[in-house]
Amino acid sequence: MQATKNSLQWVNRSPILVMIHVLSSIYKFVSAELYDPASAGPHLLDSGTLYAARFNDDGSGEWLPLDDYITPILKPKVVAAKVEFTDQADVLLNTRLAADIAGATKMNRPEWGAVHPETGEVYFTLTNNSRRHNSQLNPANPRSSNTQGHIIRWREASITGFDWDIFLLSGEAYTYTPQHQFMLTEENHHASPDGLWFDPNGLLWIQTDMSGGQLREGAFGNNQMLVADVTSHQIKRFLVGPIGCEVTGVVMTPDCRTMFVNIQHPGEGSGPYSFSSTWPDRGTRRPRSATVIITKDDGGIIGS
């Protein structure tokens, strides 16, 4: 997926707005209204401040306000760039331009975010970016022509500050993440991490979205779902999807004994009468998206 698409996710009681593009930034919106789970709703987006993230080389980070009228930070940069925004609505309609002027970091196709239920750390998938050149490298995006992606994480220090590191560099077996002295193996190598979700026990579930070319020509097989213990950095492959699919979306029942996983567009690229996959019905039926229900044979807690 190379086209721009937006998604809204709630992280640490503030919505994180993601523009899914190979050189886009990560944004958060802090509502001017107090958050109350009992009354939370769209009204929280009516007023507040939109920020874009800058990942500094020393592992610190800043949330840069994209507000031309409330804060004095953006306006001088807009003037220096010889760009004119007619009003705040214009800033919001041209968010990527405003973020670039403010000095936000251009990331490798940010996709999904997840918050650790105990530590509050935010994990974010940067799915891939084959367009990043050597001249565009930085510690938060350390690989050029990054077709395999990585996962970054940060801990909020304040409304406008955070500390970050790279949790995982995705890739073939023996890909090494130096910050954690972790190396992928044949048992957990993968590419294009996309979906992320923490279960109530603090396990991180990672879903991949490789493109058709990666699926056909890469070293990774079909898209898959892995599970990570973020404390020990143990990562295991949990399931592999059918041919041509994307594994996207996961949730559990409150007792963590039943899991629901979405399998999207199996048999992608099939013709009207020639199917690369016949999942889930098998036989000669055409492929269909579906939700898989998973339980343990002993009825126990998944991930235990």
Side-chain angles (χ1 to χ4, degrees), residues 1-2 7 9 18 20-24 26 55 59 105-114 116 121-134 136-154 164-198 203-241 244-250 261 264:
M1 172 178 44
Q2 298 298 329
S7 67
Q9 304 167 36
V18 187
I20 302 173
H21 189 274
V22 292
L23 282 171
S24 183
I26 296 174
F55 294 81
T105 305
K106 293 183 178 182
M107 309 301 284
N108 288 339
R109 190 178 150 192
E111 289 262 7
W112 283 46
H116 194 289
E121 289 177 326
V122 184
Y123 290 67
F124 233 88
T125 51
L126 303 172
T127 299
N128 55 47
N129 182 4
S130 60
R131 303 180 193 176
R132 187 175 291 275
H133 305 297
N134 287 329
Q136 299 171 308
L137 298 183
N138 54 61
N141 301 276
R143 296 187 291 184
S144 61
S145 189
N146 182 8
T147 60
Q148 298 167 342
H150 61 284
I151 299 175
I152 200 166
R153 69 177 172 184
W154 69 83
W164 68 270
D165 69 348
I166 291 179
F167 171 70
L168 177 65
L169 291 174
S170 301
E172 299 183 20
Y174 310 113
T175 297
Y176 186 65
T177 304
Q179 290 92 332
H180 301 286
Q181 300 181 347
F182 176 77
M183 183 177 291
L184 291 171
T185 69
E186 295 286 348
E187 301 301 318
N188 57 19
H189 71 142
H190 62 279
S192 299
D194 187 346
L196 275 187
W197 180 69
F198 271 106
L203 292 177
L204 179 63
W205 299 86
I206 305 167
Q207 301 174 317
T208 69
D209 180 18
M210 293 181 290
S211 67
Q214 279 184 309
L215 291 173
R216 291 189 301 269
E217 303 160 12
F220 306 99
N222 297 345
N223 280 307
Q224 60 185 281
M225 185 166 78
L226 306 102
V227 59
D229 183 324
V230 299
T231 302
S232 66
H233 231 88
Q234 185 180 26
I235 300 175
K236 293 184 176 182
R237 183 176 295 120
F238 182 76
L239 64 79
V240 177
C245 84
E246 172 188 353
V247 183
T248 176
V250 54
V261 181
Q264 181 174 287

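In this chain, residues are counted from 1 in sequence order. Any value given below was found using the heavy atoms of this structure, including those in side chains, with hydrogens, waters and symmetry copies removed. In this text, all values refer to a predicted model and were calculated from it rather than measured experimentally.
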Rounded to the nearest 0.5 Å, how far apart are [atom1] of [X] and [atom2] of [Y]?
X    : Y    : atom1 : atom2 : value
N138 : K106 : CG    : NZ    : 11.5 Å
L226 : E187 : CG    : CD    : 11.0 Å
M210 : S170 : CE    : OG    : 10.5 Å
T208 : Q224 : OG1   : CD    : 5.0 Å
M107 : F55  : CE    : CZ    : 4.0 Å
T147 : N129 : OG1   : CG    : 10.0 Å

Task: Given T177, L126, T125, the one that forms side-chain contact (heavy atoms from CB on, under 4.5 Å) with I151 - done: T125
Whether the side chain of [X] engages the backbone of [Y] through a donor-acceptor N/O pair (distance < 3.5 Å, no angle test) should be reported.
X    : Y    : value
T127 : P193 : yes
N188 : I235 : yes
Q181 : P178 : no

Task: Residue pairs fulfilling ring pair (Phe, Tyr, Trp, His ring centres under 6.0 Å) with at least one residue in residues 206-229, sequence neighbours excluded - done: H189-F220
Task: Minimum heavy-atom distance between I206 and A228, given as atom pair plus value - done: CD1-CB, 4.2 Å
Task: Minimum-distance pair of heavy atoms, taken over all atoms of L215 and G244 - done: CD1-CA, 4.0 Å
Open item on the list: Evaluate E121 against Y123 for side-chain hydrogen bond (donor to acceptor under 3.5 Å, both in side chains), listing each step before the verdict.
Closed with: CA-CA 7 Å; E121 289 177 326; Y123 290 67; 3.2 Å; yes
TODO: Go through the steps to decide whether I152 and W164 satisfy the test side chain to side chain contact (heavy atoms under 4.5 Å, CB included), and finish with yes or no.
DONE: CA-CA 7 Å; I152 200 166; W164 68 270; 3.7 Å; yes
Open item on the list: By the definition ring-ring contact (aromatic ring centres under 6.0 Å, His included), identify the one residue from W154, F167, W112 that meets it with F124.
Closed with: W154
Given side chains that start at C-beta, do those of [X] and [Y] come closer than 4.5 Å, heavy atoms only?
X    : Y    : answer
F182 : Y176 : no
N108 : R132 : yes
V250 : W197 : yes
F198 : V230 : yes
N146 : Q148 : yes
V227 : K236 : yes
R237 : V240 : yes

Task: Verdict with reasoning, R143 to L169, per side chain to side chain contact (heavy atoms under 4.5 Å, CB included) - done: CA-CA 9 Å; R143 296 187 291 184; L169 291 174; 4.0 Å; yes
Open item on the list: Walk me through whether H150 and I166 qualify under side chain to side chain contact (heavy atoms under 4.5 Å, CB included).
Closed with: CA-CA 8 Å; H150 61 284; I166 291 179; 4.2 Å; yes
So, [X] and [Y]: side-chain donor and acceptor under 3.5 Å apart, yes or no?
X    : Y    : answer
D209 : S192 : no
N128 : R109 : yes
N223 : H190 : no
S144 : N134 : yes

Task: E246/D194 under side chain to side chain contact (heavy atoms under 4.5 Å, CB included): CA gap, chis, key distance, verdict - done: CA-CA 9 Å; E246 172 188 353; D194 187 346; 3.3 Å; yes
